Amino acid sequence: MPRAKWAVAALTVVLLSTGIAVLQRTEGARPTAVTTDDALPSRALGLSGHRRLVRELEQSGEHTPGTGARSPRTAPGPLREVSGPLRAARPLRLRIPSLGVDVPLNGDREEIAWDTGGPAPGAAGTAVVTVEGLRLGKLRRGRTIEIPRADSRTAVFTVVRISPGRSSGHEGPPGRAQLRLVGGETAVLARLTGQRRTR
(Lines give C-alpha, C1' and ligand atoms only; values in the text may rest on other atoms or scores of the structure.)
Protein backbone atom coordinates (compact mmCIF):
# COMPACT_ATOMS: atom_id res chain seq x y z
CA MET A 1 0.00 0.00 0.00
CA PRO A 2 2.67 2.54 0.81
CA ARG A 3 4.27 1.81 -2.55
CA ALA A 4 0.92 2.37 -4.35
CA LYS A 5 0.37 5.65 -2.54
CA TRP A 6 3.88 6.73 -3.44
CA ALA A 7 3.25 5.92 -7.11
CA VAL A 8 -0.03 7.87 -7.13
CA ALA A 9 1.62 10.86 -5.45
CA ALA A 10 4.53 10.79 -7.90
CA LEU A 11 2.13 10.56 -10.87
CA THR A 12 0.09 13.46 -9.49
CA VAL A 13 3.21 15.60 -9.13
CA VAL A 14 4.31 14.78 -12.68
CA LEU A 15 0.86 15.62 -14.09
CA LEU A 16 0.66 18.87 -12.16
CA SER A 17 4.16 19.89 -13.26
CA THR A 18 3.34 19.07 -16.89
CA GLY A 19 0.08 21.00 -16.73
CA ILE A 20 1.76 24.04 -15.20
CA ALA A 21 4.49 23.96 -17.85
CA VAL A 22 1.91 23.74 -20.65
CA LEU A 23 -0.09 26.63 -19.19
CA GLN A 24 3.03 28.78 -18.87
CA ARG A 25 4.00 28.11 -22.48
CA THR A 26 0.46 28.85 -23.65
CA GLU A 27 0.22 32.07 -21.63
CA GLY A 28 3.63 33.20 -22.83
CA ALA A 29 2.79 32.45 -26.45
CA ARG A 30 -0.25 34.70 -26.62
CA PRO A 31 1.56 38.06 -26.75
CA THR A 32 4.10 36.64 -29.18
CA ALA A 33 1.38 35.39 -31.50
CA VAL A 34 -0.41 38.74 -31.46
CA THR A 35 2.80 40.67 -31.97
CA THR A 36 3.86 38.41 -34.83
CA ASP A 37 0.50 38.62 -36.57
CA ASP A 38 0.43 42.38 -36.16
CA ALA A 39 4.02 42.83 -37.31
CA LEU A 40 3.87 40.69 -40.44
CA PRO A 41 2.68 43.40 -42.87
CA SER A 42 5.09 45.96 -41.41
CA ARG A 43 8.01 43.57 -41.52
CA ALA A 44 7.20 42.68 -45.08
CA LEU A 45 7.37 46.38 -45.97
CA GLY A 46 10.35 47.00 -43.75
CA LEU A 47 8.67 49.81 -41.77
CA SER A 48 6.15 50.14 -38.96
CA GLY A 49 2.87 51.90 -39.76
CA HIS A 50 3.98 55.19 -38.20
CA ARG A 51 7.42 55.18 -39.81
CA ARG A 52 5.87 54.22 -43.16
CA LEU A 53 3.48 57.20 -42.95
CA VAL A 54 6.34 59.58 -42.09
CA ARG A 55 8.40 58.24 -44.99
CA GLU A 56 5.49 58.75 -47.42
CA LEU A 57 4.96 62.32 -46.21
CA GLU A 58 8.67 63.07 -46.52
CA GLN A 59 8.75 61.74 -50.07
CA SER A 60 5.71 63.78 -51.05
CA GLY A 61 7.24 66.93 -49.52
CA GLU A 62 4.42 67.35 -47.00
CA HIS A 63 6.62 66.68 -43.99
CA THR A 64 10.27 66.87 -43.18
CA PRO A 65 11.60 66.21 -39.70
CA GLY A 66 12.63 69.31 -37.78
CA THR A 67 12.40 72.67 -39.47
CA GLY A 68 11.28 71.45 -42.90
CA ALA A 69 7.67 70.63 -42.01
CA ARG A 70 5.10 72.73 -43.81
CA SER A 71 2.61 74.73 -41.83
CA PRO A 72 -1.02 73.73 -42.52
CA ARG A 73 -1.70 77.40 -43.36
CA THR A 74 0.82 77.41 -46.19
CA ALA A 75 0.02 73.99 -47.64
CA PRO A 76 -1.54 74.31 -51.09
CA GLY A 77 -5.16 73.28 -51.46
CA PRO A 78 -6.60 71.30 -54.38
CA LEU A 79 -6.53 72.86 -57.84
CA ARG A 80 -9.93 74.15 -58.96
CA GLU A 81 -11.00 75.23 -62.40
CA VAL A 82 -12.16 78.81 -62.84
CA SER A 83 -15.01 80.10 -64.97
CA GLY A 84 -13.79 83.69 -65.06
CA PRO A 85 -11.26 86.18 -63.71
CA LEU A 86 -10.48 86.45 -60.02
CA ARG A 87 -10.72 89.65 -57.99
CA ALA A 88 -7.61 91.80 -58.09
CA ALA A 89 -5.02 91.00 -55.42
CA ARG A 90 -1.34 91.78 -55.05
CA PRO A 91 0.89 89.01 -56.45
CA LEU A 92 3.52 87.68 -54.07
CA ARG A 93 5.57 85.10 -55.94
CA LEU A 94 6.23 83.62 -59.37
CA ARG A 95 6.43 79.85 -59.65
CA ILE A 96 7.25 77.94 -62.82
CA PRO A 97 7.47 74.29 -61.72
CA SER A 98 8.86 72.98 -65.02
CA LEU A 99 11.81 75.41 -64.78
CA GLY A 100 12.31 75.05 -61.02
CA VAL A 101 11.50 78.75 -60.50
CA ASP A 102 10.04 80.03 -57.23
CA VAL A 103 10.90 83.70 -56.65
CA PRO A 104 9.26 86.72 -54.99
CA LEU A 105 7.65 89.35 -57.19
CA ASN A 106 8.61 93.01 -56.75
CA GLY A 107 11.21 91.98 -54.20
CA ASP A 108 14.90 92.76 -54.11
CA ARG A 109 15.44 91.40 -57.61
CA GLU A 110 14.28 94.16 -59.94
CA GLU A 111 14.55 91.90 -62.98
CA ILE A 112 11.54 89.88 -61.70
CA ALA A 113 8.69 92.32 -61.27
CA TRP A 114 5.01 92.77 -61.95
CA ASP A 115 3.98 95.83 -63.93
CA THR A 116 1.79 97.56 -61.34
CA GLY A 117 0.34 99.84 -64.03
CA GLY A 118 -1.60 96.90 -65.48
CA PRO A 119 -4.01 94.27 -64.15
CA ALA A 120 -3.02 92.03 -61.26
CA PRO A 121 -2.31 88.41 -62.22
CA GLY A 122 -5.58 86.50 -62.17
CA ALA A 123 -7.76 89.61 -62.61
CA ALA A 124 -9.43 90.50 -65.91
CA GLY A 125 -6.97 91.60 -68.57
CA THR A 126 -3.35 90.73 -69.31
CA ALA A 127 -0.97 91.04 -66.39
CA VAL A 128 2.66 91.65 -67.37
CA VAL A 129 5.60 90.26 -65.41
CA THR A 130 9.20 90.98 -66.38
CA VAL A 131 11.43 87.97 -65.78
CA GLU A 132 14.93 88.83 -66.99
CA GLY A 133 17.42 86.04 -66.45
CA LEU A 134 14.95 83.15 -66.68
CA ARG A 135 15.05 80.59 -69.49
CA LEU A 136 11.59 81.28 -70.87
CA GLY A 137 12.53 79.67 -74.19
CA LYS A 138 12.50 76.29 -72.43
CA LEU A 139 8.83 76.62 -71.54
CA ARG A 140 6.35 74.59 -73.58
CA ARG A 141 2.64 74.91 -74.28
CA GLY A 142 0.52 73.25 -71.64
CA ARG A 143 2.98 73.93 -68.81
CA THR A 144 1.71 75.82 -65.78
CA ILE A 145 2.74 79.07 -64.12
CA GLU A 146 1.58 79.84 -60.59
CA ILE A 147 1.18 83.22 -58.92
CA PRO A 148 0.51 83.08 -55.14
CA ARG A 149 -1.39 86.23 -54.14
CA ALA A 150 -2.09 88.28 -51.04
CA ASP A 151 -5.70 87.02 -50.88
CA SER A 152 -4.48 83.49 -49.98
CA ARG A 153 -5.24 82.26 -53.49
CA THR A 154 -2.81 81.01 -56.09
CA ALA A 155 -3.71 81.85 -59.68
CA VAL A 156 -2.72 79.00 -62.00
CA PHE A 157 -2.04 79.81 -65.65
CA THR A 158 -1.47 77.46 -68.58
CA VAL A 159 1.00 78.44 -71.29
CA VAL A 160 -0.66 78.89 -74.69
CA ARG A 161 2.10 80.64 -76.68
CA ILE A 162 5.86 81.17 -76.61
CA SER A 163 6.99 83.92 -78.99
CA PRO A 164 10.34 85.42 -79.93
CA GLY A 165 10.61 89.12 -79.16
CA ARG A 166 8.93 91.24 -76.49
CA SER A 167 5.36 90.73 -77.70
CA SER A 168 3.32 87.55 -77.49
CA GLY A 169 1.03 88.55 -80.33
CA HIS A 170 -2.80 88.51 -80.24
CA GLU A 171 -3.93 88.22 -76.63
CA GLY A 172 -7.64 87.57 -76.95
CA PRO A 173 -10.60 89.43 -75.41
CA PRO A 174 -9.76 91.98 -72.70
CA GLY A 175 -12.12 90.37 -70.17
CA ARG A 176 -10.07 87.18 -70.08
CA ALA A 177 -7.50 86.78 -67.31
CA GLN A 178 -4.07 86.25 -68.87
CA LEU A 179 -0.43 86.51 -67.94
CA ARG A 180 2.42 87.67 -70.12
CA LEU A 181 5.97 86.91 -69.05
CA VAL A 182 8.61 88.96 -70.81
CA GLY A 183 12.28 88.14 -70.57
CA GLY A 184 15.18 88.74 -72.93
CA GLU A 185 14.00 88.00 -76.44
CA THR A 186 11.14 85.71 -75.40
CA ALA A 187 7.54 86.40 -74.43
CA VAL A 188 5.15 83.84 -72.98
CA LEU A 189 1.38 84.12 -72.96
CA ALA A 190 -0.61 82.05 -70.47
CA ARG A 191 -4.30 81.93 -69.62
CA LEU A 192 -5.87 81.58 -66.20
CA THR A 193 -7.14 78.00 -65.96
CA GLY A 194 -7.39 77.35 -62.24
CA GLN A 195 -6.85 78.54 -58.72
CA ARG A 196 -6.02 76.95 -55.42
CA ARG A 197 -6.48 78.28 -51.95
CA THR A 198 -3.63 78.44 -49.46
CA ARG A 199 -4.79 76.71 -46.27
Side-chain angles (χ1 to χ4, degrees), residues 56-64 66-163 166-184 186-199:
E56 290 171 0
L57 289 174
E58 287 175 355
Q59 290 174 349
S60 68
E62 291 295 323
H63 170 83
T64 304
T67 59
R70 290 185 182 177
S71 166
R73 291 185 178 180
T74 60
L79 180 64
R80 297 178 180 171
E81 292 183 6
V82 293
S83 57
L86 304 176
R87 292 183 180 178
R90 181 171 55 89
L92 303 176
R93 301 187 71 81
L94 169 68
R95 292 179 183 154
I96 309 176
S98 63
L99 299 183
V101 172
D102 185 352
V103 294
L105 278 176
N106 294 69
D108 295 335
R109 297 179 61 183
E110 295 180 0
E111 66 271 19
I112 301 185
W114 160 55
D115 178 6
T116 56
T126 302
V128 178
V129 175
T130 303
V131 289
E132 299 296 339
L134 300 184
R135 301 164 298 164
L136 293 183
K138 293 188 176 292
L139 266 174
R140 296 291 178 264
R141 290 183 62 186
R143 298 292 188 178
T144 58
I145 300 168
E146 300 182 0
I147 306 282
R149 309 175 344 144
D151 63 352
S152 298
R153 295 177 186 272
T154 296
V156 180
F157 300 84
T158 300
V159 174
V160 294
R161 186 181 301 118
I162 301 101
S163 307
R166 308 288 291 185
S167 173
S168 54
H170 179 64
E171 297 179 1
R176 176 180 288 169
Q178 298 183 129
L179 175 68
R180 187 169 74 224
L181 301 184
V182 179
T186 305
V188 173
L189 181 67
R191 291 179 184 158
L192 180 69
T193 53
Q195 61 101 1
R196 58 167 55 99
R197 189 162 187 84
T198 302
R199 296 175 185 169

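Numbering of residues begins at 1 and proceeds along the displayed sequence. Only this structure's heavy atoms are used, side chains among them; waters, hydrogens and symmetry mates stay out. Treat the numbers as computed from the prediction; the structure is a model and nothing was measured.
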Donor-acceptor contacts under 3.5 Å from residues 140-147 side chains, at least two apart:
residue	atom	partner	partner atom	Å
R140	NH1	G137	O	3.0
R141	NE	V160	O	3.1
E146	OE2	R196	NH1	2.9

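The two residues G122 and A177 make their nearest non-hydrogen contact at O-CB, 3.5 Å. Nearest approach of P119 to T126, heavy atoms of both residues: CD-O, 3.5 Å. L136 and G183 make their closest contact through CD1-N, 3.6 Å (heavy atoms, listed as atom of the first residue, atom of the second, distance). Closest of all the heavy-atom pairs between L105 and R93 is CD1-O, 3.8 Å. Closest approach of W114 to P121, counting heavy atoms only: NE1-CD, 3.7 Å. Among all heavy-atom pairs drawn from E132 and I112, the shortest one is O-CG1, 4.4 Å.
Side-chain atoms of L86 and Q195, non-hydrogen and from C-beta on, do get closer than 4.5 Å to each other. For the pair I96/L181, a side-chain contact is recorded, criterion being any heavy-atom separation below 4.5 Å from C-beta on. Two residues are said to be in side-chain contact when any heavy atoms from C-beta on lie closer than 4.5 Å; L94 and L134 meet this criterion.
Take R80 and apply the salt bridge (charged side-chain N to carboxylate O under 4.0 Å, His left out) test, not counting sequence neighbours, and it matches no residue.
Expressed to the nearest 0.5 Å, how far CG of L99 lies from CZ of R135 amounts to 6.0 Å. Residue T130 holds its OG1 atom at 7.0 Å from CG of D115, rounded to the nearest 0.5 Å.
Proximity of a side-chain donor or acceptor of R191 to a complementary backbone N or O of R176 within less than 3.5 Å is not detected. Side-chain atoms of R180 never come within 3.5 Å of backbone atoms of A187 as a donor-acceptor pair (strictly under, hydrogens ignored).
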